[in-house]
Amino acid sequence: MRIEYDIKLGFKDVMFRPKRSTLKSRSEVSLERQFKFLHSPETWTGIPIIAANMDTVGTFEMAKALSEKKLFTAIHKHYNLNDWRNFASTLTNETSDFIAVSTGIGESDSEKLSKIIQQNPNIKFICIDVANGYSEHFANFVKQTRELYPEKVIIAGNVVTGEMVEELLLCGADIIKVGIGPGSVCTTRVKTGVGYPQLSAIIECADAAHGLGGQIISDGGCTTPGDIAKAFGAGADFVMLGGMLAGHDESGGKIIEKNGKTYKQFYGMSSSTAMEKHVGGVAEYRASEGKTVEVLYKGAVEHTLQDILGGIRSTCTYVGASRLKELTKRTTFIRVNEQENKIYSK
Ligand code: 5GP
């Protein structure tokens, strides 16, 4: 047994130190980024915020709304080929630039992936997603997928340490998804004791990925626009959101009316709700590692997006970054023991 004593930080442990700036207004800040990739010859330009591949968030409807603002959606893996065919008939070239097809690492997953890609050759991104990205089988699946799709941008995860980021990039991934346990409906840390505070995971994994010419996605744990800004400040190239995009018209999940208020159901992808829905129950050898919650209905996602993008633009003006790309260079975090003043919160 060994203990690492240096403290690992989460979003709640830091704030940005403001810096002198020549920017006059938030409207001068550009949140678009342009990326080239380690393996894929594609390039991508857009606002690097991603709707998570959860069936209550990464829906076709969400993809349409987000792509209009140049944000990205990792479409969840539970749509069947027929759903994809219907969606494809409405798919514009612009939307196809802003979506990834998600897949697990089973044989049936790779067959379905190949059919979806055959049907929709314009889709450029594949997201290979497992809860625990440390298995050899996963790394081999990434290698195989790279061989099969040399042109596609491959996202792979989830991991939280630099050495595994490097390994997956060398196996053929372009972008590594980072996060174990920070998610709003995740119970991994409670059920297993495994995890890594997200801000430190980003700092360490970004360093490893950028050293090799790859990128990272910070996945999970953002509860406010300020958290998203902190993830970018720490070095994330992309930030993936689940809970912050749940509860909208474009989100999946049942509508629930209770005490005169409207809610939408939101649940983790390994919650018993999801497992009952998609695989007919929780397998005996595993525990559910996700929660099911009800989130207040929030209307159209475009209002939430405005709030998020406005917040990040404002962060950039506070530290003097005229483009999102500069945010991390302009970032000095201070360690704190306080965040918001809650005197008037319920
Ligand atoms: P959020 O933005 O809601 O904090 O986090 C979203 C992320 O939580 C997802 O992208 C995914 O990585 C993770 N997640 C989703 N469902 C589950 C689950 O059932 N269990 C665990 N451990 N993580 C989940």
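Position 1 is the first residue of the sequence, and the numbers go up from there. Just so you know, ligand 1 is whichever comes first in the structure, and atom 1 is the first atom listed for that ligand.
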Distance-only, no hydrogens or angles: does the [X] side chain make a donor-acceptor pair with backbone N or O of [Y] under 3.5 Å?
| X | Y | result |
| --- | --- | --- |
| H39 | L169 | yes |
| S67 | A63 | yes |
| S314 | G310 | no |
| D83 | N80 | yes |
| T56 | G252 | no |
| D97 | E94 | no |

Any [X] heavy atom less than 4.0 Å to ligand 1:
| X | result |
| --- | --- |
| M244 | no |
| A131 | no |
| G221 | yes |

So which protein heavy atom does [atom] come closest to, and at what separation?
| atom | answer |
| --- | --- |
| atom 8 (O) of ligand 1 | G183 CA, 3.8 Å |
| atom 16 (N) of ligand 1 | M269 N, 2.8 Å |
| atom 15 (C) of ligand 1 | M54 CE, 3.4 Å |
| atom 24 (C) of ligand 1 | C186 CB, 4.2 Å |
| atom 2 (O) of ligand 1 | G242 N, 2.7 Å |

Are F238 and F72 an aromatic pair by the rule of ring centers under 6.0 Å?
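They do not qualify: ring centres at least 6.0 Å apart.
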
Report yes if [X] has an N/O atom closer than 3.5 Å to an N/O atom of ligand 1; otherwise report no.
| X | answer |
| --- | --- |
| G220 | no |
| E289 | yes |
| S184 | yes |
| Y267 | no |
| S270 | yes |
| P182 | no |

Residue [X] vicinity, atoms of ligand 1 by number, heavy atom under 4.0 Å:
| X | answer |
| --- | --- |
| G243 | 1 (P), 2 (O), 3 (O) |
| M240 | 10 (O) |
| L241 | 2 (O) |
| S271 | 19 (O) |
| A52 | 10 (O) |

Just to confirm, does any protein heavy atom lie below 4.0 Å from atom 13 (C) of ligand 1?
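Neighbour list for atom 13 (C) of ligand 1 is empty of protein heavy atoms (cut-off 4.0 Å).
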
Distance below 4.0 Å between atom 4 (O) of ligand 1 and any protein heavy atom?
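True for atom 4 (O) of ligand 1.
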
Classify the ring geometry of F35 against W44: parallel below 30°, tilted from 30° to 60°, perpendicular beyond 60°.
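Parallel, since the angle between the ring planes stays under 30°.
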
According to the interplanar angle, ranging from 0 to 90°, do the rings of F333 and F16 count as parallel (below 30°), tilted (30 to 60°) or perpendicular (above 60°)?
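It falls in the tilted class, 30° to 60°.
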
To the nearest 0.5 Å, what is the distance between NE2 on H248 and NE2 on H303?
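If we round to the nearest 0.5 Å, H248:NE2 and H303:NE2 are 9.0 Å apart.
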
Option nearest atom 7 (C) of ligand 1 (shortest heavy-atom distance, choices D219, D55, N158, L245)
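Checking each option, the heavy atom nearest atom 7 (C) of ligand 1 is found in D219.
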
Salt-bridged, D249 to K264, with N to O below 4.0 Å?
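Looking at D249 and K264, the cut-off is not met.
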
Results of side-chain hydrogen bond (donor to acceptor under 3.5 Å, both in side chains) for E68 - residues two or more places apart only:
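Listed in chain order: nothing, the list is empty.
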
Could you walk me through whether F60 and Y79 satisfy the ring pair (Phe, Tyr, Trp, His ring centres under 6.0 Å) test, starting with their C-alpha distance in whole Å, then the side-chain angles of each, then the deciding distance to 0.1 Å, before giving a yes or no?
CA-CA 9 Å; F60 290 143; Y79 283 121; 3.8 Å; yes

